[in-house]
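Here the structure comes first, spelled out in structure tokens, and everything after it is commentary.
Proteins come first, then strands; the chains are lettered A, B, ... in the order of their sequence lines, and each starts at number 1.
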Amino acid sequence: MALDVAAMRRNFPIFAHQPPPFHYLDNAATGQICAAAAEALTTFETAGRANVKRGVYRLADRATQAFAEARERMAAYLGATRPEEVILTSGTTFGLNLAAHVLEARVGPGDAILVSRLEHHSNIVPWQMLAERRGARIRALGVTEEGRLDLRDLEAAIDRRTRIVAVTHCSNVTGAVTDLAPLVARARAVGALVVVDGAQRVPHGPLEVASLGCDIYALSGHKMFGATGAGALWIRHDLLETLPPFLGGGEMISRVTIEESRYAPPPHRFEAGTPPIGPVLAMGAAADWLAGLDWQAILAHEKRLTARLIAGLEALPGLRLIGPRDLDDRYGVVAFEVAGVHAHDVCQLLDGFGVCTRGGHHCAQPLMDAFGTVATVRASLAPYNDADDIDALLEGLEQVIRILR
Amino acid sequence: MALDVAAMRRNFPIFAHQPPPFHYLDNAATGQICAAAAEALTTFETAGRANVKRGVYRLADRATQAFAEARERMAAYLGATRPEEVILTSGTTFGLNLAAHVLEARVGPGDAILVSRLEHHSNIVPWQMLAERRGARIRALGVTEEGRLDLRDLEAAIDRRTRIVAVTHCSNVTGAVTDLAPLVARARAVGALVVVDGAQRVPHGPLEVASLGCDIYALSGHKMFGATGAGALWIRHDLLETLPPFLGGGEMISRVTIEESRYAPPPHRFEAGTPPIGPVLAMGAAADWLAGLDWQAILAHEKRLTARLIAGLEALPGLRLIGPRDLDDRYGVVAFEVAGVHAHDVCQLLDGFGVCTRGGHHCAQPLMDAFGTVATVRASLAPYNDADDIDALLEGLEQVIRILR
Amino acid sequence: MTMDLYNRRIVEAAKRARERGRLADADVSVTRDNPLCGDRITLDLRFEGERIAALGLRVRGCLLTEAAATLLAERGVGATPRELWRAQEDLRRLLAGEAGEPVWPELAMFRPVAGVKSRHECVLLPFEAAAEALARGRAERA
Amino acid sequence: MTMDLYNRRIVEAAKRARERGRLADADVSVTRDNPLCGDRITLDLRFEGERIAALGLRVRGCLLTEAAATLLAERGVGATPRELWRAQEDLRRLLAGEAGEPVWPELAMFRPVAGVKSRHECVLLPFEAAAEALARGRAERA
Ligand SMILES: Cc1ncc(COP(=O)(O)O)c(C=O)c1O
Ligand SMILES: Cc1ncc(COP(=O)(O)O)c(C=O)c1O
């Protein structure tokens with residue numbers, strides 16, 4: 001069945017608040033919150049708030065149960081083997097930094113950590129910092145001209161000294177989806193761990209994380225139509241059991257004396273302090289709602305819109321697409337340059353037509369460097385986008401080119 | 001003027017949602033959200049959401065401005081010298097861990113870090129971890145029989161090897177307020193930095209952090225009637241400029257290549273990734289609202305209630321108060337034991353009377369050890385509490401003692 | 001509901017826990033903590049073949065933990081490991097709100113705890129300690 | 001409002017920035033980045049006494065940065081440091097939405113940018129580079 005976009009939009013409160021023309025195409029930066037998540041957030045914060053994990057009165061008990069349920073919902077959406085594999089965090093960036101700290105003992109002087117030129121800064125800088133702390137080296141997989149991860153020379157890129165491979169599941173600039181299988185196979189062969197940045201993959205439907213073969217998977221709730229302030233980090237349970245804590249504080253201990261502390265079992269060991277309860281409940285509600293959607297219809301819809309957008313862009317004079325032209329193994333994240341016009345000027349003028357796009361390096365400077373540019377314009381799609389949004393963008397672009405060139 | 005509690009309660013949505021009897025006395029665990037914060041949170045998440053710091057379209061520009069304004073509001077509430085001194089975090093625990101990481105280079109083998117037996121685990125465990133990373137030692141100030149920080153032997157406790165002094169501004173168990181002046185003076189004399197855990201102080205009115213003499217001050221938004229998921233960390237600007245980043249990722253860099261990264265100036269250097277925007281706006285709105293209240297009236301009101309509670313407790317058979325009896329230099333956080341009855345059983349039964357209290361070690365096991373106990377019951381006050389709440393607690397306790405002893 | 005939770009039978013069972021002592025000649029002793037509150041139970045078991053011949057305990061805990069410990073001590077003597085595991089399973093199911101008669105009918109007094117998730121661990125703690133003791137006893141005999 | 005922002009004067013001033021070149025015989029050269037977008041401006045200054053005798057530049061930036069750079073180059077030659085600082089202050093005030101005629105009337109073309117906080121830095125960047133160059137020039141003469 002085709003997606004009923006009008007019905008889909010009714011699930012997103014933003015459209016009742018932003019008067020048309022409102023063409024929100026900055027979903028890779030943050031998605032809009034869905035009604036289920038907004039409801040979970042507001043109900044908890046205003047009508048049922050209590051701290052979790054400690055209280056026995058009903059309000060606290062219900063909050064604790066709701067929090068546990070959010071973990072289960074995330075586990076189900078991700079396809080985790082068990083809920084305890086899901087650490088509830090404040091976002092992808094925090095999750096990747098947590099990973100880089102708890103894996104510290106696994107990296108020694110002279111070892112290598114492999115990232116890629118396709119990565120968001122959040123999946124580069126924590127590894128640089130780890131490498132510096134441990135005297136290890138950073139290496140990087142390249143990108144193809146299409147803006148995909150270059151997997152041709154994995155034998156050379158991943159060798160015995162490689163301890164960690166950290167790659168994105170979907171690029172936040174080119175939309176390219178990474179073929180994890182060969183990477184994972186090669187990493188396994190040399191005993192390296194695979195950390196996947198799932199921030200841009202997760203808004204596009206449920207997944208089977210346990211069968212991807214990776215060891216760690218990070219994501220943000222605000223990009224999957226939850227609230228800002230929450231995220232999740234999946235860690236394979238056998239690895240998880242062996243890892244030391246990252247942050248210290250309440251809830252992650254089993255016993256504290258001034259001299260020393262004993263730590264709680266996972267996942268609590270990795271969740272110090274009061275968690276972002278409201279945002280976590282919102283993320284759980286979003287996951288639950290997303291899990292029930294018809295993803296075949298949604299992905300077909302997104303693919304049609306992506307095709308329309310790419311075709312339209314290619315028809316414009318002086319447009320340069322940064323990313324794959326073909327529509328397989330990619331999501332609706334489309335970056336481009338307009339010859340002779342700065343990305344921010346493009347975005348600013350598009351805003352005048354009610355079109356929200358992002359200009360800049362998209363926290364992916366190594367990728368910008370690889371394409372010999374500094375800043376691009378990016379349009380990124382969500383299930384609530386429709387052909388009108390694409391057309392408004394394309395018409396806006398025509399005008400921009402007319403005005404500025 | 002006396003506080004109009006009924007009017008105060010109308011500023012807290014929870015009371016419209018929880019049917020009476022509802023006596024919320026677990027404010028030290030989390031406060032209830034105020035209307036201003038709820039409004040800021042919901043409006044941002046459902047009606048105006050965009051990511052901050054990067055977008056140029058109006059929605060994003062407004063979000064960025066609102067985020068900057070939240071920082072200014074926090075700076076004003078705290079009495080910071082400039083907004084850039086305020087790092088926006090996900091909470092106190094995160095803030096204290098951040099502090100323990102960015103101060104790492106200042107602690108060497110054989111150095112000492114001074115905490116206290118009055119601390120919440122969040123102000124102990126991060127320092128233990130730092131001490132372990134650097135081969136330093138942890139020492140601890142004791143507590144008096146009254147449950148106050150024992151400041152008698154500061155000359156001995158803080159010596160030339162002491163690099164960091166980490167203490168609470170207000171105990172989350174005994175309510176005692178720390179007299180920071182002598183501590184700060186002694187720390188200054190030996191060149192040690194002073195880190196203050198302000199989580200329990202901040203809900204009780206604006207402060208003048210710049211004149212406390214400390215270097216770092218941590219707090220959580222959810223305890224000051226904001227949303228869960230946000231906090232702030234104040235760092236004196238001259239110190240701040242010298243500190244390395246903690247987490248790596250988007251927004252905290254000025255330039256990233258695969259080989260190395262250059263970092264942005266404070267506060268951005270310390271704010272990697274998408275921040276908890278909604279919760280931060282809520283915290284800013286709460287601070288702004290709190291700043292406009294009549295604190296003389298509120299504190300007098302809280303003091304009266306605390307007196308009523310302590311007097312009532314002392315009249316009960318077999319009650320043991322853990323904390324100061326006098327009403328000066330303390331806030332309305334009152335912990336006690338009921339002889340022969342377990343704290344959780346007390347709390348569970350009190351819940352039957354609509355009274356929400358907390359039982360357990362309150363993430364302060366060293367303090368429990370100092371008082372030779374494992375778990376206590378705690379009642380903690382906020383501006384919306386009234387004499388009815390206290391009386392319901394006291395009557396409930398009488399019944400509990402009758403039933404269980 | 002809170003009052004149901006502290007029904008006479010639970011309160012009285014809890015009192016009996018305080019009158020019990022440790023075993024001097026245990027084959028296995030196990031100590032378990034409840035991370036929620038720092039509560040602690042120590043369980044001593046003596047075996048005759050597979051069966052539990054004697055059971056001692058010390059509890060520092062809430063009424064629910066005490067009552068569950070008493071029930072375990074009173075019904076556990078003479079029980080086989082299988083029966084004890086069965087009882088633990090039935091207790092879990094009962095706390096999950098499932099219907100059905102448990103193998104030890106007295107377990108039914110914990111039914112009101114089903115509604116308070118944060119207290120489940122209090123009731124389960126003695127049974128978890130017992131399961132660990134049985135596993136250790138078996139390992140030592142093997 | 002967006003259209004105001006890209007008024008003819010700004011667009012044309014921006015174009016002129018692209019026609020300018022660097023100075024071969026500069027006394028001071030300063031490079032400044034805009035962290036928002038990685039934009040970069042390089043400014044060359046030559047002095048005659050206190051006054052700016054010549055000004056060269058290279059901009060890799062948006063229209064707003066280009067237009068501001070042009071304005072600076074066209075009005076800056078012959079200016080004293082004091083005048084330049086004054087212009088920068090007036091520009092800040094104008095972006096903050098304050099009324100009043102700026103010392104260089106052409107600065108008024110940036111008034112529509114006041115409403116878009118995230119672009120203020122784009123307009124200020126060339127002036128910040130100039131301020132740094134002046135401070136350095138002064139330090140070198142001292
Ligand atoms: C004194 C004190 N410090 C630190 C914390 C930790 O705060 P959070 O859990 O919000 O990180 C708390 C609250 O639990 C506290 O009361
Ligand atoms: C691919 C990718 N990784 C990581 C991140 C960082 O996520 P967050 O900012 O929510 O921590 C983002 C989003 O900005 C992203 O697109």
- [ ] Counting only heavy atoms closer than 4.5 Å, note whether B:Ala16 contacts chain A via side chain, backbone, both or neither.
- [x] neither

Task: Contact winner vs chain B - A:Val355, A:Asn97, A:Val125, heavy-atom pairs under 4.5 Å - done: A:Asn97

Task: Which atoms of B:Ile124 approach chain A - backbone, side chain, both or neither, heavy atom under 4.5 Å - done: side chain

- [ ] Identify which of A:Gln128, A:Arg139, A:His120, A:Gln32 forms the greatest number of heavy-atom pairs closer than 4.5 Å to chain B.
- [x] A:Gln128

Task: chain A contact via B:Arg255 - which portion, at a heavy-atom distance below 4.5 Å - done: both

Open item on the list: If I measure from the heavy atoms of chain A, does B:Pro244 come under 4.5 Å with its side chain, its backbone, both, or neither?
Closed with: neither

Open item on the list: Holding to side-chain hydrogen bond (donor to acceptor under 3.5 Å, both in side chains), I want the full list of residues that pass it with A:Asp197, two or more places apart in sequence or in another chain.
Closed with: none

Open item on the list: Heavy-atom pairs under 4.5 Å with chain B: which of A:Val256, A:Thr92, A:Asn51, A:Leu59 has the most?
Closed with: A:Val256

TODO: Please flag which part of B:Ser220 lies under 4.5 Å from any non-hydrogen atom of chain A: side chain, backbone, both or neither.
DONE: neither

Open item on the list: At a heavy-atom distance under 4.5 Å, which candidate from A:Gly360, A:Ala227, A:Cys363 has the highest pair count against chain B?
Closed with: A:Ala227

TODO: Pick one of side chain, backbone, both or neither for B:Glu260, based on which atoms fall under 4.5 Å of a heavy atom in chain A.
DONE: backbone

Task: B:His361 portion near chain A, given a 4.5 angstrom heavy-atom threshold - done: side chain

Donor-acceptor pairs under 3.5 Å, side chain of residues 246-253 of chain A to any protein atom, not counting sequence neighbours: which ones?
unit_1: A:Glu251; atom_1: OE1; unit_2: A:Arg54; atom_2: NE; d: 3.0
unit_1: A:Glu251; atom_1: OE1; unit_2: A:Arg54; atom_2: NH2; d: 3.4
unit_1: A:Glu251; atom_1: OE2; unit_2: A:Arg54; atom_2: NE; d: 3.3

Open item on the list: Can you tell me which portion of B:Thr42 sits under 4.5 Å from chain A's heavy atoms? Options are side chain, backbone, both or neither.
Closed with: side chain

- [ ] Go through the atoms of A:Ala35 and report whether side chain, backbone, both or neither lie under 4.5 Å from a heavy atom of chain B.
- [x] neither

Task: Side chains of B:Glu45 and B:Ile277 in contact at under 4.5 Å (non-hydrogen atoms) - done: no

Open item on the list: Less than 4.5 Å to any heavy atom of chain B: does that hold for the side chain of A:Phe15, its backbone, both, or neither?
Closed with: neither

TODO: Let me know if B:Thr43 has heavy atoms under 4.5 Å from chain A in its side chain, its backbone, both or neither.
DONE: neither

TODO: Tell me, for A:His362 versus chain B, whether the close heavy atoms (under 4.5 Å) come from the side chain, the backbone, both or neither.
DONE: neither

Open item on the list: If we define contacts as heavy-atom pairs under 4.5 Å, which of A:His344, A:Arg117, A:Met368, A:His222 has the most with chain B?
Closed with: A:His222

Task: Contact origin within B:Leu96 toward chain A - heavy atom pairs under 4.5 Å - done: neither

Task: Aromatic centroids of B:Phe225 and B:Phe12 separated by under 6.0 Å - done: yes

